[in-house]
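Right, one structure below, let's go through it.
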Amino acid sequence: MKPKQLQKKLDRQFYTRDLLTVAYELLGKHLVKKEKGKILSGRIIEVEAYDGSIDEAAHTFIGKTKRNEIMFNIGGYLYVYFTYGNHYCCNVVTGEEGKGTAILIRAIEPLEGISTMIKNRFNRDLLNEKEKFNLTSGPGKVCQALSINKSHYGIDLTGDEIYLIDQPLIDKQNVVITKRIGIKKSVDLPWRFYIKDNPYVSKK
DNA sequence: CCACGGATTGGCT
DNA sequence: GCCAATCCGTGGA
């Protein structure tokens, strides 16, 4: 890790650009969560883009509701939703105000605060070999490991609690662009981006 | 008020 | 690979 003063937080301008551009560029960036002085962070390995204007799988396809309203903000806010009765998933809102676009963070590679993430995920202090890559290899897992829940809905990512740190993408030649998974509508849009061969990529 | 299904996960076959 | 768990948001009556 670089010393703190050399780290550059991604700013509003980064998030307000085109959905797919931001989705691609999120790969390799560091996601940071601060809570009670503890820092939890990881490198973004896998994302999916959602655009309510043309994409039936997006939560904003039905228009603005109380649940999805933050997705219509200008880029740089956190959209957290609850699903399947158990899981939270977090998204980065992108674009200009009113677009209804966001990017689901599907997997990260743990960097800082790993022991806390283990505790958050499994309520234990140690992992067996099988669990090592099970820590943050899915959208629900990422939120559980970082303790992200509905209380973080709408957080401004240019603030100090949850934010992203700029990093060069060292796997540029290893980015895979393919169809999204776990959805039933608009299944053919190639809006899933991940780093090939990284062990934290979620299933398939 | 009620019915339905989901941007998932983990356990079992 | 298959499937149940679990509950809230959404839409229709």
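Each chain gets a letter, A, B and so on, in the order the sequences are listed, and its residues count up from 1. Basis for what follows: all heavy atoms, side chains included, without hydrogens, waters or symmetry-related copies.
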>> Taking the ring of Y81(A) and the ring of Y79(A), is the distance between their centroids below 6.0 Å?
In response: yes
>> Closer than 3.5 angstrom, by distance alone: can the side chain of T101(A) be matched with the main-chain N or O of T94(A) as a donor-acceptor pair?
In response: yes
> Does one hydrophobic cluster hold both I177(A) and I105(A), with members joined at side-chain heavy-atom distances below 4.5 Å?
Replying inline: yes
>> For R43(A) versus I170(A), what's the shortest heavy-atom pair and its separation?
In response: NH2-CG1, 3.5 Å
> What is the distance from CD1 of I183(A) to P of dT9(B), rounded to the nearest Å?
Replying inline: 15 Å
> Whole Å only: how far is the CD atom of E48(A) from the P atom of dA7(B)?
Replying inline: 10 Å
> Under 4.0 Å: is that the gap between some side-chain N or O of K184(A) and OP1 or OP2 of dG5(B)?
Replying inline: no
>> At 4.0 Å (heavy atoms only), tell me whether L104(A) reaches a base, stays on the sugar-phosphate, or touches nothing.
In response: base
> Has R106(A) got a side-chain N or O lying under 4.0 Å from the OP1 or OP2 atom of dT8(B)?
Replying inline: yes
> Atom CZ of F122(A) and atom C1' of dT9(B): how far apart are they, to the nearest Å?
Replying inline: 11 Å
>> Does the structure place the NZ or CZ of R17(A) under 6.0 Å from the centre of the six-membered ring of F14(A), at an angle of no more than 45° from the ring's axis?
In response: yes
>> Consider salt bridge (Lys or Arg N to Asp or Glu O under 4.0 Å). Of D166(A), D156(A), D160(A), which one does K9(A) pass it with?
In response: D160(A)
> In residues 53-83 of chain A, which ones come under 4.0 Å of DNA chain C, going by heavy atoms?
Replying inline: I62(A), T65(A), R67(A), F82(A)
> For the pair made of OH in Y84(A) and C1' in dG9(C), what is the distance, rounded to whole Å?
Replying inline: 14 Å
> So which nucleotide does dA3(B) pair with, by the Watson-Crick or G-U wobble rule with both distances under 3.5 Å?
Replying inline: dT10(C)
> Hey, which of E46(A), K196(A), R192(A) is the one that makes side-chain contact (heavy atoms from CB on, under 4.5 Å) with V176(A)?
Replying inline: K196(A)
> Do R106(A)'s NZ or CZ and the ring of Y200(A) fall within the cation-pi criteria of under 6.0 Å and 45°?
Replying inline: no
> Rounded to the nearest Å, what distance is computed from the CD atom of residue Q144(A) to the C1' atom of nucleotide dG10(B)?
Replying inline: 11 Å
> Which whole-number value in Å describes the distance from L19(A) CG to dA7(B) C1'?
Replying inline: 13 Å
> Rounded to the Å, how far apart are H87(A) NE2 and dA5(C) P?
Replying inline: 13 Å
>> Expressed as a whole number of angstroms, how long is the span from F193(A):CZ to dA7(B):C1'?
In response: 15 Å
> For residues 129-143 of chain A, which residues have at least one heavy atom under 4.0 Å from DNA chain B?
Replying inline: N134(A), G138(A), P139(A), G140(A), K141(A)
>> Salt bridge or not between E69(A) and R67(A)? Use side-chain N to carboxylate O under 4.0 Å.
In response: no
